[in-house]
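Could you have a look at this structure, given as structure tokens, before my questions?
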Amino acid sequence: MSTSITVRDIDAGDKSWLRREARQFGAPMEELVRGLVDERRTKTELRPKPSEAFARHFGADNGVDIPPLVRGGYRPLLSSNEGEE
């Protein structure tokens, strides 16, 4: 059983890149695209832990300090007013 992939409105630069990559691997362009789609699917099927997702979106690279891990999870942050009481 054969399956074909049709990609419409692809950028000419992207299409030529796909052709070059496929030629380098010695495979048809369709097989290269199938491999890329399969690779992406397997990566997205592995869902990260909530703490990993939080760190990826709000971590030090994005200017947010993540509280240190303590036994049993994250310790809630205290504001300066709460510590004085």
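Numbering starts at 1 and runs along the sequence shown. Since the model is a prediction, treat every value here as computed from it, not as a measurement.
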- Note on the structure: Residues at least two apart in sequence or cross-chain that pass side-chain contact (heavy atoms from CB on, under 4.5 Å) with R23, listed by chain then number, are R20
- Item | side-chain contact (heavy atoms from CB on, under 4.5 Å) involving E31 - partner list, sequence neighbours excluded | A27, P28, R34
- Across all chains, not counting sequence neighbours, the salt bridge (charged side-chain N to carboxylate O under 4.0 Å, His left out) partners of D14 are none
- Output the distance between atom CH2 (W17) and atom CG (D11), rounded to the nearest 0.5 Å. 12.5 Å
- Query: Is there side-chain contact between D38 and R41, with at least one heavy-atom pair below 4.5 Å?
  - Reply: yes
- Task: List in chain and number order the residues that pass salt bridge (charged side-chain N to carboxylate O under 4.0 Å, His left out) with R40, two or more places apart in sequence or in another chain; answer none if no residue qualifies.
- Result: none
- Partner set under side-chain hydrogen bond (donor to acceptor under 3.5 Å, both in side chains) for Q24, not counting sequence neighbours: none
- List the atom of L18, the atom of L32, and the distance in Å for their closest heavy-atom pair. O-CD2, 3.6 Å
- Between M29 and K15, the two heavy atoms sitting closest are SD-O, 4.2 Å
